[in-house]
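Naming convention: chains lettered A, B, ... in sequence-line order (proteins, then strands); numbering from 1 in each chain. A quick note: this is a predicted structure, and the numbers were derived from the prediction, not measured.
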Amino acid sequence: MSDTHAQSVAFVRTAEIPPAPPPVAASGAVKWVRENLFSGVFNTVATVIGVIVVFWLLSGLVPWIVNGTWEGENIRDCREILQGNGGGCFAVLAQRWEQFLFGFAYPVEIYWRPTLAFALLFVAVPPLLFPMFLPRWTLAISAVYPFLAYWLIWGGSLLGPIVAALGIVAGYVAFVRVEKAVNFAAGLAAAIVAAVAVWWLGGLIFEGSRLLRLEAVASRDLGGFMLNLILGVVCVSLSLPLGIALALGRQSRLPFIKGVCIVFIEFVRGVPLITLLFVANVVLAFFLPPGTNFDLIVRVVIMITMFSAAYIAEVIRGGLAALPKGQYEGAESLGLDYAQSMRLIILPQALKISIPGIVNVAVGLFKDTTLVSVISMFDLVGMIRGPILSSTDWAGGIYWEPWAFACVLFFVVCYGISQYSQWLERQLRTDHR
Amino acid sequence: MAATDVNVTQSQSQSQMKVSDEVAIEIDSMNKWYGSFHVLRDIDLTVQRGERIVICGPSGSGKSTLIRCINALEEHQQGSIEVDGVPLSSDLKNIDKIRSEVGMCFQHFNLFPHLTIMENCTLAPIWVRKIPKREAEKTAMHFLEKVKIPEQADKYPGQLSGGQQQRVAIARSLCMKPRIMLFDEPTSALDPEMIKEVLDTMIQLAEEGMTMLCVTHEMGFARQVANRVIFMDAGQIVEQNEPEAFFNNPQNERTKLFLSQILGH
């Protein structure tokens with residue numbers, strides 16, 4: 001080309017240039033190291049400092065783990081075995097791991113029940129997380145799971161969860177029927193009436209029911225990492241739909257709905273979660289009619305759910321705002337009604353954009369469940385702070401081991417959530433940029 | 001002069017052949033404001049079934065707003081619009097009914113990027129018309145063949161060229177079996193090479209007798225297909241006429257200026 005150009009300005013190509021493979025990048029370990037670690041003065045200094053920091057961290061961590069002991073009944077045994085060699089006293093984990101996981105009041109002989117519920121979680125969750133690989137009917141498993149898990153963890157008659165599920169089914173059926181015949185608001189009212197009626201009737205039968213009765217466990221006896229997992233799973237799965245509803249409500253053209261949503265979101269975001277938890281613990285009882293006994297865990301779930309729903313709503317609002325107006329118009333111009341265009345066009349895209357933000361809130365929520373330790377619930381943090389570190393066996397001198405264990409447990413779950421979300425984002429990418 | 005005569009008889013024969021007496025759209029002294037800005041002023045327009053109307057005018061003249069009012073993407077504040085005898089009011093049921101009868105193509109296609117081409121085309125028939133999925137897919141395939149891209153059915157919009165996307169958008173509208181099609185500058189966002197393929201599709205549609213309102217700057221298309229050209233300026237219909245008369249003998253000063261500017265180079 002260049003020499004042709006040199007001869008004259010006019011040019012006509014006569015032969016096509018064949019496609020050529022891209023130049024092979026020069027490789028080799030030494031070359032990579034030189035280019036990436038020692039390419040200049042600054043880079044070399046940074047590399048050296050980095051190596052020193054890593055070495056310093058490992059020189060503390062490795063002996064702590066390698067020299068650590070898993071033997072011993074209490075901290076005095078540990079001291080004897082370790083003889084000051086810098087090892088960790090992991091005996092506390094070996095001795096108390098059940099308390100770390102289940103709290104101190106959950107009956108030992110029925111640890112299998114929450115364990116089974118936890119194992120079943122891995123059956124119930126995949127249909128929700130991987131719908132593209134599993135047939136639709138598997139969603140039924142996910143739908144049944146909350147009631148089954150409640151029965152396993154709290155015990156009591158199976159009739160209770162069955163009545164609760166029937167109420168929801170009745171409400172759904174009533175909603176579908178009435179919404180088709182009249183309108184959305186009437187459907188919602190009918191759903192509430194139907195559900196309450198079923199729960200009330202079911203409650204009458206439920207009183208003395210012995211159907212598949214398991215030993216009942218009170219909510220205050222739940223504890224340990226189990227409590228964190230229960231709160232995390234329940235609150236995340238409740239706050240997502242609530243957050244979507246709030247985000248859509250905030251965009252509503254109806255001033256009343258819009259106002260309610262804005263006030264709710266702004267209020268909840270303006271208040272620390274701990275105050276909400278104290279409200280749940282103490283103050284909420286004043287507002288409830290006398291005689292009602294609202295379970296503490298239910299109160300805490302309500303507060304955490306409200307809290308994270310407000311944040312999720314704002315994240316989703318960002319996603320909604322990021323969609324071009326043409327998507328709304330495209331949906332409208334085809335005659336889709338509001339519910340259809342939201343469900344089929346707007347939300348799938350807005351939620352996809354919002355995934356990183358939603359996951360951020362979900363991970364934060366899961367870690368915030370440890371805050372219940374300040375209202376004297378014995379979750380993982382509450383257990384470590386209270387019963388374990390202040391017991392005569394382990395008081396004085398052990399800090400790193402239980403907290404490191406707590407970190408590992410939380411890290412595994414949160415890292416898993418994060419990896420899943422990144423995978424999901426790749427799965428949903430259709431723009432082929 | 002002889003050539004012009006042939007053209008006139010051609011366009012006359014076209015319009016006589018397809019336009020019926022039945023009224024498709026009736027707009028009566030319609031006014032619209034954006035805040036205090038008067039965008040559309042006293043618009044009166046009657047569209048017969050089978051008519052092909054091209055609306056042109058400078059930007060900001062209200063031509064897009066006009067056709068967006070016809071399927072209620074924009075709300076008008078005064079006057080009346082009737083589509084197929086159904087009055088456009090704030091009644092949502094009427095609006096949804098009109099929208100499902102009136103197809104619309106946008107400048108930026110507005111395909112749904114998270115759905116495949118096939119899903120884009122079958123979504124509204126399945127959810128609005130309640131047609132079984134298999135049947136909707138058959139219809140969609142029929143129209144995708146008509147716009148000549150059946151082989152792209154399983155791809156996503158992001159994998160297609162602009163011209164292909166606009167043809168999919170046309171097919172998507174046709175899948176609803178609309179009686180009227182609105183085009184809002186369908187070729188303005190396309191590379192010159194792709195304009196022709198979209199115009200060809202639109203010409204084909206016109207030849208089949210579809211009632212069409214097109215906002216476009218493609219004057220060649222207007223000459224060839226339209227049986228009426230409307231020129232708008234400052235929110236008003238300034239001039240309307242059959243294409244030959246409109247282009248060869250414009251009356252209003254503003255029309256003359258506009259035509260000299262867009263045809264001048």
Side-chain angles (χ1 to χ4, degrees), chain A residues 131-132 136 176 179-187 244 248 252-255 257 316 319-356 358 424-433, chain B residues 64 67-68 70-75 90 92-117 119-130 154-160 165 168-169 172-178 181-184 189:
Chain A
M132 50 293 258
R136 265 183 86 83
V176 171
E179 197 229 2
K180 201 167 263 177
V182 194
N183 60 26
F184 184 83
I244 293 172
L248 292 179
S252 171
R253 276 179 224 163
L254 307 173
I257 292 181
I316 294 175
L320 289 170
L323 281 192
K325 202 161 158 256
Q327 291 295 307
Y328 293 86
E329 290 177 350
E332 280 180 14
S333 74
L334 287 169
L336 296 171
D337 63 28
Y338 176 79
Q340 288 169 340
S341 55
M342 286 301 137
R343 194 182 131 200
L344 301 167
I345 308 298
I346 304 303
L347 282 178
Q349 298 182 63
L351 290 179
K352 189 179 91 180
I353 301 173
S354 317
I355 287 173
I358 292 174
L424 186 65
E425 274 181 74
R426 285 195 299 274
Q427 280 291 306
L428 296 177
R429 186 154 57 205
T430 59
D431 51 1
H432 307 279
R433 247 177 261 158
Chain B
S64 286
I67 68 164
R68 286 159 59 86
I70 293 171
N71 68 353
L73 285 182
E74 303 280 355
E75 214 177 336
S90 52
L92 285 176
K93 287 225 164 88
N94 272 359
I95 290 181
D96 283 340
K97 185 167 186 305
I98 287 173
R99 281 176 180 162
S100 62
E101 301 292 333
V102 178
M104 175 134 187
C105 290
F106 300 87
Q107 182 177 359
H108 296 288
F109 333 130
N110 295 358
L111 294 176
F112 307 130
H114 63 304
L115 301 175
T116 62
I117 300 308
E119 288 165 339
N120 263 280
C121 291
T122 56
L123 185 97
I126 290 174
W127 289 88
V128 180
R129 292 249 191 268
K130 316 283 181 201
D154 294 325
K155 290 194 183 167
Y156 287 94
Q159 292 165 289
L160 270 55
Q165 289 193 42
V168 170
R172 179 176 75 174
S173 297
L174 293 178
C175 284
M176 286 293 280
K177 307 268 173 73
M181 284 289 289
L182 308 174
F183 292 87
D184 188 1

Inset, instruction - Could you tell me whether A:E425 atom CD has more than 12 heavy atoms of other residues or ligands within 6.0 Å of it? - result: yes
Inset, instruction - Check whether any side-chain heavy atom of A:Q327 sits under 4.5 Å from a side-chain heavy atom of B:P113, and report yes or no. - result: yes
Legend entry - Minimum side-chain heavy-atom gap A:L344-B:L115 below 4.5 Å: no
Inset, instruction - Measure the spacing between CG of B:L123 and OG of A:S341 and express it to the nearest 0.5 Å. - result: 10.0 Å
Legend entry - Contact check, side chains of A:Y328 and B:L73, non-hydrogen atoms, under 4.5 Å: no
Legend entry - From CZ (B:R68) to CD (A:E332), nearest 0.5 Å: 9.0 Å
Inset, instruction - Test side-chain contact (heavy atoms from CB on, under 4.5 Å) on B:F112 and A:L334 and set out the steps. - result: CA-CA 12 Å; B:F112 307 130; A:L334 287 169; 3.9 Å; yes
Inset, instruction - Please identify each residue that fulfils side chain to side chain donor-acceptor pair (under 3.5 Å) with B:E119, with sequence neighbours left out. - result: B:T116
Inset, instruction - Report, by ascending residue number, the residues of residues 99-106 of chain B in heavy-atom contact with chain A at a distance under 4.5 Å; give 'none' if the set is empty. - result: B:R99, B:S100, B:V102, B:M104, B:F106
Legend entry - Sidechain-backbone polar pair: B:H114 side chain, A:L428 backbone, donor-acceptor under 3.5 Å: no
Inset, instruction - Please round to the nearest 0.5 Å and tell me the distance separating atom OG of A:S333 and atom CE of B:M176. - result: 9.5 Å
Inset, instruction - Please flag which part of B:L182 lies under 4.5 Å from any non-hydrogen atom of chain A: side chain, backbone, both or neither. - result: neither
Inset, instruction - Look at the side chain of B:D96 and the backbone N and O of A:D337, then say whether any donor-acceptor pair between them is shorter than 3.5 Å. - result: no
Legend entry - B:R129, part contacting chain A, at a heavy-atom distance under 4.5 Å: neither
Inset, instruction - Examine whether an atom of B:N71 lies under 4.5 Å from a heavy atom of chain A, and if so say whether it belongs to the side chain, the backbone or both; otherwise answer neither. - result: side chain
Inset, instruction - Ignoring hydrogens and angles, tell me if any N or O in the side chain of A:Q340 forms a donor-acceptor pair with the backbone of B:W127 under 3.5 Å. - result: yes
